[in-house]
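Start at 1 and go down the list; that is how both ligands and their atoms are numbered. Bear in mind that the values here come from a model prediction, so they are computed numbers and not experimental data.
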Amino acid sequence: MKATGTANGKIILMGEHSVVYGEPAVAIPFPATSIETTIKKITGPVTLDCFFYHGPFSQAPERLLNVTTVIMKTLEKLQQPLENFSITIKSTIPAERGMGSSAAVAAATIRALFNYFKKELTTACLMELTDISEKIAHGNPSGLDTAMTSSQSPLFFIKGQPIIPFSLNVSAYLVVADTGVTGQTKEAVNSIALLSQRSPEKTTAAIHTLGKLTRQAKLAIEQNRPADLGVYMNEAHHLLDFLGVSNKELNQLVAAALATDALGAKLTGGGRGGCMIALADNKTSADRISAALLKAGAVNTWIHKMGED
Ligand code: PMV
């Protein structure tokens, strides 16, 4: 007996961090990267096999607490014991790089367990369980990553409000580049919380402006104005840098993209490492930007045609 579950990576186009404070975010599913979890029947204690660990489930390290907890909670829901199966998690989403790998691991694993035990999984249940994992991984998640794991289309997301799917009606290419440096979402989210205690006015103003830029970016997408979208991305990157969630590697890649053909560039996700995105007018520019990013130190790049989500 065997069953699988999958989930995509995601890219935040605009609104990371400010989304935690009730401002909107725009995110897209990123099927170029994904997770597949496989559950297989074995006899005896459960085993876990993933990038960070291979061995008995009961001895999994602390850093996998989000994964082990969500597995226990899912089994509770399914009213099944923790025995007689193996769990294998395969991922092409670079971990801790702002592509939502923790939420995707949770979603793929929940789906696999529900499939294995032949129980129907509602979206509400998937989101409730994924959120448990995200709270452990990120501390104070906005819920955006959780929402993206069950979405096939781009989302306009405001914490606690109904999610609005929309189409990326913009003729442009997105180049995604991985700095190769582990991002620090939890630390970055906490650092903005600390900054807002030290300089409340400046921090609040930056967060509001990020929200305004996200709304303007959504309009630019809907009205197919890629050049304006690029300008909003640049402004968002400066504000995120001001808030302390960029770093040297991200700033170098943003500069390299802008020095090539990019209409705009910014970090994506939690920051302090992880990935950045650049907007290109056409495929030739996207290829040139990708080459420039690799030359500037990116360990990997992906090119995504917008409007094909
Ligand atoms: O780093 P990621 O992919 O988990 O994205 C985090 C996005 C934040 O806005 C920084 C945090 C959140 O909970 O929305």
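Cluster membership for Ile93 and Val299, using ILVMFWY side-chain heavy atoms within less than 4.5 angstrom, is not shared.
In this structure, a donor-acceptor pair under 3.5 Å is absent between the side chains of Thr4 and Asn115. A donor and an acceptor atom, one from each side chain of Thr203 and Ser196, are nowhere located under 3.5 Å apart. Side-chain atoms of Thr284 and Asp287 include no donor-acceptor pair closer than 3.5 Å.
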Tabulating one pair per line, provide the atom names and distances (0.1 Å) for every N/O atom of ligand 1 that is less than 3.5 Å from a protein N/O atom.
unit_1	atom_1	unit_2	atom_2	d
ligand 1	1 (O)	Thr185	OG1	2.7
ligand 1	1 (O)	Gly270	N	2.9
ligand 1	3 (O)	Lys10	NZ	2.5
ligand 1	3 (O)	Gly98	O	3.1
ligand 1	3 (O)	Gly100	N	3.3
ligand 1	3 (O)	Asp145	OD2	3.4
ligand 1	4 (O)	His138	NE2	2.9
ligand 1	4 (O)	Asp145	OD2	2.8
ligand 1	9 (O)	His17	N	2.9
ligand 1	13 (O)	Ser142	N	2.7
ligand 1	13 (O)	Ser142	OG	3.4
ligand 1	14 (O)	Ser142	OG	2.5

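Thr69 places a side-chain N or O within donor-acceptor distance of the main-chain N or O of Leu65, the cut-off being under 3.5 Å. For Thr92 (side chain) and Ser34 (main-chain N/O), a donor-acceptor pair under 3.5 Å exists by modelled atom type.
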